[in-house]
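First listed ligand is number 1; within each ligand, the first listed atom is number 1. For the single chain, residues carry numbers from 1 onward in sequence order.
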Amino acid sequence: MKLTVLVLGAGLLCAIAHAQKFEGLALTPPMGWNSWNKFGCNVSEELIRQIADAMVSSGMKDAGYEYVVIDDCWHGQRDHLGFIHPDAKLFPSGMKALADYIHSKGLKFGIYSCAGYKTCAGRPGSRGHEYQDALKYAEWGVDYLKYDWCNTEGLNAEGAYMTMRDALYAAGRPVVFSICEWGQNKPWFWGPKIGHLWRTTGDIVCKFDTADTRGRWRSWGVLQIIDRTAELRAYAGPGHWNDPDMLQVGNGMSANEDRAHFSMWCMLAAPLMAGNDLRNMSAETLEILTNREVIAIDQDPLGVQGFRYSAKDGLEVWFKPLANDAWAMCVLNRSTTNKQFVFDWKEQKVYDELIRRSPQFDKFAYRVRDLWAKKDIGTTAKPLIAEIPGHDVLMLRLSDPKPVVAGDAAALRGPRTASLRPTPN
Ligand code: GLA
């Protein structure tokens, strides 16, 4: 009896010791590439190797893209012990060899599974095999797991994701854990302690604007995803991000739309997972995906998601606080026609309720840089007048605030909260 109690107690202690996610990962939103948006089930080791090569040769790696993630359909069968194996026709060299190849390029390797008994495309899911799958992933050298939510009838979402989190932790190899639950069970409430990012909506389609599809898990347009994710900014921060889904840049929208989509993902501090064919992209697509000054907005170490400051006649003004008293500002034209934008900074009272900070345009002149034109365009001392094409953005970085009246410098460091990480209710 005593021995049973001891053994049970030790088991419980072990479980408690393992009840955590890998901390210190994804302190800025993860960046990489994922196969699904462009290739669906047409994945193979040849494709993934070529994508890894292209990630390096195109300059994507140097711009910060790191994870190469195979989405659904890599799976073969489970063996008689229940361990999963890749489809031997598609991945004849096996996953370890593929991971080694990706690692040899200085990149990281990601894979996909599902909390249900089958994945969304009908391949074997992890339900009932979580610990075995996590062991395999560690053996192969997996650094990132996207974990889906199909065929999960009767499962509690928080519990199911916690089981996989614990399995990954027990396997011992640090893994970024991407919760792909489409926002159905409000993962922003429980996600931060379980994973490093969580999807906020159903699947992104390659459309800028769709009819409101709320409630449906497929076909969310870029604008609909922005609206949903905007409501959730309090939950995002270093190590735990809202995930508005993978990028559709280069997959068929206009250049304006791609630019707006990419800019807004950066304003939302979203994970940047390219979803196009990196082996074959236009100069325009590459230029959008690798604009380092725009990426720097996404990757800013403060790790605070941007907010919608105003909306009028189809024009929205967004702000995102950055480190070192800088701000990103993005003017999004949701309409299909060109719009005149006039903004007299001194009359604007911008205030971030989340971190209690304000740019105080009446007291300080910020240097203004246009991040797509890649040039400085003056300071906030003079009103901004711009023409913004339909479905496009004007994206600015405001930095180096200088007092308009000498002696006002102290006011810049106005009231701050003790912590930049408020606990959302
Ligand atoms: C779901 C996910 C997608 C993708 C597919 C794969 O729809 O939300 O991102 O992973 O499954 O089948």
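The residues E158 and K193 are annotated as salt-bridged, a charged nitrogen and a carboxylate oxygen being separated by less than 4.0 angstrom. The pair K339-D313 fails the salt-bridge criterion, with no side-chain N (NZ, NE, NH1 or NH2) lying under 4.0 Å from an Asp/Glu carboxylate O.
Shown in contact with C180 at under 4.0 Å from a heavy atom are these atoms of ligand 1, numbered in order with element: 2 (C), 8 (O). Set against the non-hydrogen atoms of C120, the atoms of ligand 1 under 4.0 Å away are 1 (C), 11 (O), 12 (O). Contact atoms of ligand 1 toward R199: 8 (O), 9 (O) (distance under 4.0 Å to a heavy atom of the residue).
Using a 4.0 Å cutoff on heavy atoms, W149 does not count as a contact of ligand 1. Note on ligand 1: D148 sits in its first shell, one or more heavy atoms being nearer than 4.0 Å.
Both tests pass for R49 against the ring of Y101: distance under 6.0 Å to the centre and angle within 45° of the axis.
For the residue pair T210 / Q224, a side-chain donor-acceptor distance below 3.5 Å is found, with atom types taken as modelled.
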Stepwise ring-ring contact (aromatic ring centres under 6.0 Å, His included) test for Y309 and F307:
CA-CA 6 Å; Y309 166 71; F307 60 95; 7.2 Å; no
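The shortest N or O to N or O distance between W36 and ligand 1 is not under 3.5 Å. Any N or O atom pair closer than 3.5 Å counts here, and K146 shares at least one such pair with ligand 1.
For residues 238-313, the set of pairs meeting the disulfide (SG to SG under 2.5 Å) definition, not counting sequence neighbours, is empty.
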